[in-house]
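Each residue takes its place number in the sequence, starting with 1. Start at 1 and go down the list; that is how both ligands and their atoms are numbered.
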Amino acid sequence: MKVGVAGLGVMGRAMARNLASAGLLAGVWNRTRSRGEAVAEELNVSLADDPAALARLCEVVITCVSADEDLLEVIEALRPGLAAGKVVVDTSTVGVDTAETVAERLHEEGVAFLDAPVTGGPEGAEAGTLQIMVGGDPEVLERIQPAMLAIGSQATHFGPAGYGQRAKAVNQVMVAGIVQAISEALSFADASGLDTERLLPVLTGGAAGSRLLERRGSRILAGDFEPGFRVVLHHKDLNLCRRLLQSMDVNLPMVEMTIKHYERLIEQGYGEEDTSALYRLKRQLFETGNRKSL
Ligand code: NA7
């Protein structure tokens, strides 16, 4: 199976590396050519001149770009090189409606589309241990399993087009709660004068334990918010969740609050930091107080 990757950012680059290790990567493409050149040279695969050339070369094209408009642009650029029987797998996090639109457009040409957003962050992408949430034809998923298992531990099918993105939206709501809880509790611990180095293993080993706390706890307390998973990306994802929730006539309080907090961080110039930079806002509360507003 010949697989190509279009979009070699933090996540796409790591996926390309794992596909190359599995002997499945035939080529890559990236909008900023210098990035593409570096990856093609490192992995010894061809760098396509444009998305259509990548689509001509491969049976399966994995896209990994930033947001909805970007995906729609890349899909249009892939189309001249796609043909019946080929498969496009999008691992970006985009709206359910966008995934449905892309699936419909490609279906008209006999091209299968799977929406396959991932969770596990850059660490999971590098280790090839992502969880992949899939919408689309389960038989197509079955056919391309080797590619999925090169980039992740498991690809779980949830339903027709858009259902991968629905599952991802649920994941992103839960992640918001975890980041909120950790940043709030650790700022409280620090302001209380506790020995946080003693406290961290206790929290990690007990009911409050989580992967994020394990990976990031000491770094958060040391004021190290290097990404990781960037504030701007989670902000984008929570806006997608909000859109989906509004179609159900619901506002979820934690989603609304986290969007507001991320907007404050972005205004203060911290949008490119890890989401755990929420700690900055929580710590500020202990300096300035906020009895009146959240
Ligand atoms: P990055 O590291 O910001 O990478 C984004 C990639 O998407 C990068 O290769 C970009 O190319 C590419 N991109 C963005 N917009 C476009 C358009 N319009 N056309 C073509 N290529 C584009 O993000 P991550 O890898 O962390 O995340 C990717 C997705 O996975 C995102 O949806 C996350 O929420 C989950 P560039 O190099 O800038 O030219």
Side-chain angles (χ1 to χ4, degrees), residues 4-19 27-40 42-43 47-55 61-79 81 88-99 102 114-128 130-135 151-152 162 164-176 179 226-244 258-259 262 266 271-275:
V5 178
L8 302 167
V10 175
M11 300 297 284
R13 196 161 56 224
M15 290 178 202
R17 287 195 182 112
N18 287 320
L19 286 160
V28 291
W29 173 82
N30 194 64
R31 177 180 60 179
T32 305
R33 198 163 168 88
S34 54
R35 238 178 184 179
E37 278 165 355
V39 175
E42 175 197 329
L43 303 178
L47 172 64
D49 284 336
D50 51 43
L54 183 69
V61 179
I62 296 182
T63 52
C64 189
V65 296
S66 307
D68 296 54
E69 289 310 314
D70 307 310
L71 176 66
L72 292 169
E73 237 177 73
V74 171
I75 294 291
E76 282 315 301
L78 283 169
R79 271 169 88 165
V88 176
V89 182
D90 178 47
T91 59
S92 326
T93 302
V94 298
V96 168
D97 46 355
T98 300
V102 172
L114 300 178
D115 52 301
V118 298
T119 176
E123 294 98 340
E126 275 161 34
L130 294 168
Q131 288 289 327
I132 311 168
M133 295 154 274
V134 186
I151 63 173
Q165 297 295 351
R166 282 179 201 273
K168 176 72 192 253
V170 170
N171 184 77
Q172 296 310 73
V173 171
M174 206 172 278
V175 169
V179 186
E226 197 187 311
F229 182 40
R230 283 173 290 146
V231 168
V232 285
L233 284 180
H234 200 199
H235 177 256
K236 168 203 60 133
D237 295 352
L238 291 178
N239 273 303
L240 296 173
C241 296
R242 177 192 260 170
R243 212 160 84 201
L244 203 53
T258 310
I259 288 176
Y262 283 159
I266 293 166
E272 293 302 315
E273 289 191 341
D274 188 73
T275 53

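- For atom 16 (C) of ligand 1, the closest non-hydrogen atom of the protein is R31 NH1, 3.4 Å.
- With hydrogens and angles disregarded, a donor-acceptor distance shorter than 3.5 Å links the side chain of D115 to the backbone of G162.
- Take Q165 and apply the side-chain hydrogen bond (donor to acceptor under 3.5 Å, both in side chains) test, not counting sequence neighbours, and it matches no residue.
- K168 places no side-chain N or O within donor-acceptor distance of the main-chain N or O of S92, the cut-off being under 3.5 Å.
- From the protein, the heavy atom lying nearest to atom 36 (P) of ligand 1 is T32 OG1, 3.4 Å.
- At a heavy-atom cutoff of 4.0 Å, ligand 1 is contacted by both the backbone and the side chain of T93.
- At the shortest separation from atom 2 (O) of ligand 1 among protein heavy atoms lies V10 N, 2.9 Å.
- Ranking the protein heavy atoms by distance from atom 23 (O) of ligand 1 puts R230 NH2, 3.5 Å first.
- A salt bridge does not link R17 to E126: none of the charged side-chain nitrogens sits closer than 4.0 Å to a carboxylate oxygen.
- With sequence neighbours excluded, no residue forms a side chain to side chain contact (heavy atoms under 4.5 Å, CB included) with N18.
- Under a 3.5 Å cut-off, the side chain of N30 and the backbone N or O of R33 do not form any donor-acceptor pair.
- For atom 20 (C) of ligand 1, the nearest non-hydrogen atom of the protein is V74 CG2, 3.5 Å.
- A 4.5 Å side-chain heavy-atom check between T119 and L130 finds every atom pair outside the cut-off.
- Within ligand 1, counting atoms from 1 as listed, the ones closer than 4.0 Å to a heavy atom of L8 are 9 (O).
- Checking side-chain atoms of D68 against main-chain N and O of T98 turns up no donor-acceptor pair under 3.5 Å.
- The distance from ligand 1 to the heavy atoms of G7 drops below 4.0 Å at these ligand atoms: 9 (O).
- Between the N239 side chain and the H235 main chain, a donor and an acceptor come within less than 3.5 Å of each other.
- Within the 4.0 Å heavy-atom criterion, the part of W29 lying near ligand 1 is the side chain and not the backbone.
- The nearest protein atom to atom 7 (O) of ligand 1, hydrogens excluded, is given as V65 CA, 3.2 Å; this is a heavy-atom distance.
- Looking only at protein heavy atoms, the nearest one to atom 32 (O) of ligand 1 is S66 O, 2.8 Å.
- By the criterion of a heavy-atom distance under 4.0 Å, neither the backbone nor the side chain of R13 is placed next to ligand 1.
- Short contacts between ligand 1 and D70, defined as distances under 4.0 Å to a heavy atom of the residue, involve ligand atoms 15 (N), 16 (C), 17 (C), 18 (N).
- Judged purely by atom type and a 3.5 angstrom limit, H234 has no side-chain atom pairing as donor or acceptor with the backbone of F229.
- For a threshold of 3.5 Å applied to N or O pairs, the pair formed by G9 and ligand 1 contains at least one separation below that value.
- Looking at N30 against ligand 1, only its side chain comes within 4.0 Å, counting heavy atoms.
- The proximity of M11 to ligand 1, defined as any non-hydrogen pair under 4.0 Å, involves the side chain as well as the backbone.
- With hydrogens and angles ignored, the 3.5 Å screen pairs no side-chain donor or acceptor of T91 with any backbone N or O of V118.
- Taking every non-hydrogen atom of L233 and a distance limit under 4.0 Å, the qualifying atoms of ligand 1 come out as 26 (O), 34 (O).
- More than 12 heavy-atom neighbours from other residues, nucleotides or ligands sit within 6.0 angstrom of CD on E37.
- Summary of contacts: the protein heavy atom closest to atom 37 (O) of ligand 1 is R35 NH1, 2.6 Å.
- For ligand 1, the atoms sitting less than 4.0 Å from at least one non-hydrogen atom of C64 are 6 (C), 7 (O), 28 (C), 29 (C), 30 (O), numbered in the order shown with element in parentheses.
- Ligand 1 is approached by K236 to a heavy-atom distance shorter than 4.0 Å.
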